[in-house]
Every structure is written in structure tokens, then in C-alpha cells.
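Along the sequence shown, the residues carry numbers beginning at 1.
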Amino acid sequence: MGLGPVLPLTSLENVLFLLFSVLLATAIVFLNASVFASILLNRSLREENRCMYMLSTCLSDVCSGVSYYYCGVLDVRDSYDSPTRTFYIAPTFLGLSYMAILAAQADRYHAVAAPFTYAQRMTRGRTLAVIFAYWFYAFVIVAVNNLVTVGVAKSVTSIGTFVSNIFTVVIMIGLNVRLFFIAKYQLEREPPSAERETKRASIYLIVVVAVCFLIAWLPIFLHVIVCNFTGATCYTFRNEGTDPLRVLPRLNAVLTPVLYIRGCVALRHTLLTRVWRASCRARGVNPVGGQKSIVPSGQAVFMVSKT
């Protein structure tokens, strides 16, 4: 018997919810794929370490969006013993997005707190090694969970998730608070200039990215922590698509590329003139408003100023 939609199409509300799920999956794939392609097409962006984390985030979010056509649009419960489970693959893509953003925050903190040390230590090779490490770790966990029994997989996952959630939330909040004050103190010592204002805008972007991330992820973190700490069986929803705790991280997967585009001038320029140009021209629309942009290719602003 085939899978049905996320909710029975017996009312207008259910039909609208199905359309919302389809649009959400499409938006995740389209926006993240667009940002991913823009970075690959811009050489100056590819040379920046922070953009490597952006590529990683976009790639995992594209995979998460594709998987949401199954998990969120259809009547699927992605639990350990469910016949419709994805064998931990779909949740892993969400986890990879989370690890990528956390690693990017730590990278930016290091760049602002110790810029000279950062320039010497964090080479391109080491940055790619960090990204490869957490991708490799994530799929090792997937392999292990699929090789052991369900009981062992539940025990390993519950303990690991409980510890990592507390640990990473504290790191995320602590790093961003310290990053904000360090960057602000450094800006006060600089003379007024356009570059200082650009840095100030990028600092505000750090706060926005961190706050949006925490708003989207904290509910499910707290849910998992409380359930594991009390040992009680927490309330579960009908399926993945109707669980708001799992929909919120997907909404964050839409918001994150929007923040990238908003905060990075060179990325936005490449996106409008090279990635979306063919589509815009086909509709008779100039993607840059009929004026030639003179944005330098290296003038990228994402989270913090260029180190």
C-alpha cells in the first residue's frame, strides 16, 4: 500500500498544509542550491574560509530539502522501528546543517578574537579537514545505528543527543555573546570609515543568525533533553510533517540562505547576475535593476568582516 499525504485531503486546511509542506521543501532546495552555485561561480568567495562553511551548510540543507519531499509531504514517521523510516539519513542532514553553523560560529569567533593566529593556523586545507571530519562523523553514526539493534541505537542516540545538545547550546550562546563584545570593542578603536560600518553590519548579522538558529533549534533540543532526563515517553505527533519541533529547523534552512544573501554583497551580486540571470531574462526582467553593478568581487560580508 502506497504512502498517503501528510494529512488526509478531506478539508481545505489539510490541502493548504500539504501545499505548505511542498513549498517549504521547494524553497529549501531552491534557495540553498542558488547560494551554493553562486559561491562556486565566484572565485573570491571560494577563497574565503567562511564560505566553505556556507557551502557545507547549503549542501546539507539541499539534501534536507529533498528528503523533506518524502518526510514532510507524505505520511511518514522517521522513528527507529517505523516501516517508513529513512534509516537515520534524513535527520543526519539536519544535524549536518547544525554542525556546520556551529563550526562556522567557532571559526568566526577565532577569526575576531585572534586574527593573526587565525590567519596562520586556519589554512584552506585545515578548514576543509574540519568540514570533512564532521561529515564523516555524521555518516559513521548513521552506519553504526543501522548495524546495531534498535535498543542499542536508542541508547547510544539518547545519551549522545542529551550531552551534545546541552554542550552545543552553551557553546553557541557563549561564543556569540563573547564575539559580539570583542568585535564591538575592536570597532570602537577604529576611526570612522565605510569599512567600519560594514563590519558593524556584519556583527549585527552574527546576532541575527545566532538568534534565528537558537529559536529554530531550541524547542527540539529542550524536548529531547527533558525526555531523556525524566525518562518519560514524550508526546509524539502523527508524522514528521505535522510535528512543529521538526518543521522549525526546516524553516531555519530557508532563513539561513536568505541571511547569507542579505549579508554578503559579492554573493548577492553573483546570484542576481549569474545564477538567476537566465531566468530573469527569460521573463524580461533585469536582475540588477537595469544598472551595471560595480561591487568588487572580494567584498564579501558574512557574519564578520574579512580577516
Side-chain angles (χ1 to χ4, degrees), residues 35-36 38-40 42-60 96-138 164 167-191 193-214 256-257 259-267 270 295-307:
V35 172
F36 188 89
S38 299
I39 295 174
L40 291 181
N42 191 313
R43 182 178 179 181
S44 65
L45 292 179
R46 296 197 308 270
E47 292 174 352
E48 299 185 31
N49 287 344
R50 56 175 168 252
C51 290
M52 295 299 98
Y53 292 106
M54 293 168 66
L55 281 175
S56 175
T57 305
C58 291
L59 179 59
S60 57
L96 281 167
S97 301
Y98 164 60
M99 287 191 285
I101 293 178
L102 183 63
Q105 297 291 329
D107 178 83
R108 292 300 87 201
Y109 172 77
H110 187 193
V112 172
F116 296 106
T117 304
Y118 175 85
Q120 294 174 350
R121 291 181 179 178
M122 290 307 297
T123 61
R124 170 59 61 83
R126 289 181 178 177
T127 300
L128 294 177
V130 170
I131 296 172
F132 173 80
Y134 62 72
W135 274 80
F136 179 76
Y137 166 79
S164 63
F167 183 66
T168 53
V169 167
V170 171
I171 289 179
M172 175 69 70
I173 297 174
L175 278 181
N176 282 281
V177 170
R178 286 182 58 84
L179 178 60
F180 176 78
F181 284 107
I182 289 174
K184 184 178 180 181
Y185 174 73
Q186 290 179 351
L187 286 180
E188 289 177 350
R189 296 186 300 176
E190 296 183 7
S193 64
E195 182 180 0
R196 189 182 75 168
E197 294 305 315
T198 298
K199 292 180 180 180
R200 190 185 303 277
S202 67
I203 291 173
Y204 293 147
L205 181 59
I206 297 174
V207 177
V208 172
V209 169
V211 169
C212 293
F213 179 87
L214 290 172
T256 299
L259 292 175
Y260 289 165
I261 297 168
R262 174 64 181 83
C264 183
V265 177
L267 174 62
T270 304
V295 177
S297 61
Q299 188 181 349
V301 182
F302 167 61
M303 292 191 178
V304 297
S305 60
K306 208 171 181 181
T307 57

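- Between L45 and M54, every side-chain heavy-atom pair lies at or beyond the 4.5 Å cut-off.
- Using a 4.5 Å heavy-atom cutoff, the side chains of V35 and I39 are in contact.
- Considering only residues two or more places apart in sequence or on other chains, T270 meets the side chain to side chain donor-acceptor pair (under 3.5 Å) condition with N42.
- A heavy-atom distance below 4.5 Å is found between the side chains of T117 and H110.
- R124 pairs by the side chain to side chain contact (heavy atoms under 4.5 Å, CB included) definition with E47, N49, M52, L128, not counting sequence neighbours.
- Contact record, Y134 with L96: O-CD2, 3.6 Å, taken as the closest heavy-atom pair.
- For S38, there are no side chain to side chain donor-acceptor pair (under 3.5 Å) partners, not counting sequence neighbours.
- Counting heavy atoms from C-beta on, the side chains of F213 and L259 never come closer than 4.5 Å.
- Rounded to the nearest 0.5 Å, atoms CG (L55) and CZ (R46) are 9.5 Å apart.
- Between A100 and Y53, the closest heavy-atom pair is O-CD2, 4.1 Å.
- Here the CZ-OG distance, from F36 to S56, works out to 9.5 Å after rounding to the nearest 0.5 Å.
- When the side chain to side chain contact (heavy atoms under 4.5 Å, CB included) test is applied to F136, the partners found at least two apart in sequence or on another chain are F132, V140.
- With sequence neighbours excluded, the residues that form a side chain to side chain contact (heavy atoms under 4.5 Å, CB included) with T123 are R126.
- Considering only residues two or more places apart in sequence or on other chains, T256 meets the side chain to side chain contact (heavy atoms under 4.5 Å, CB included) condition with T57, I101, N252, Y260.
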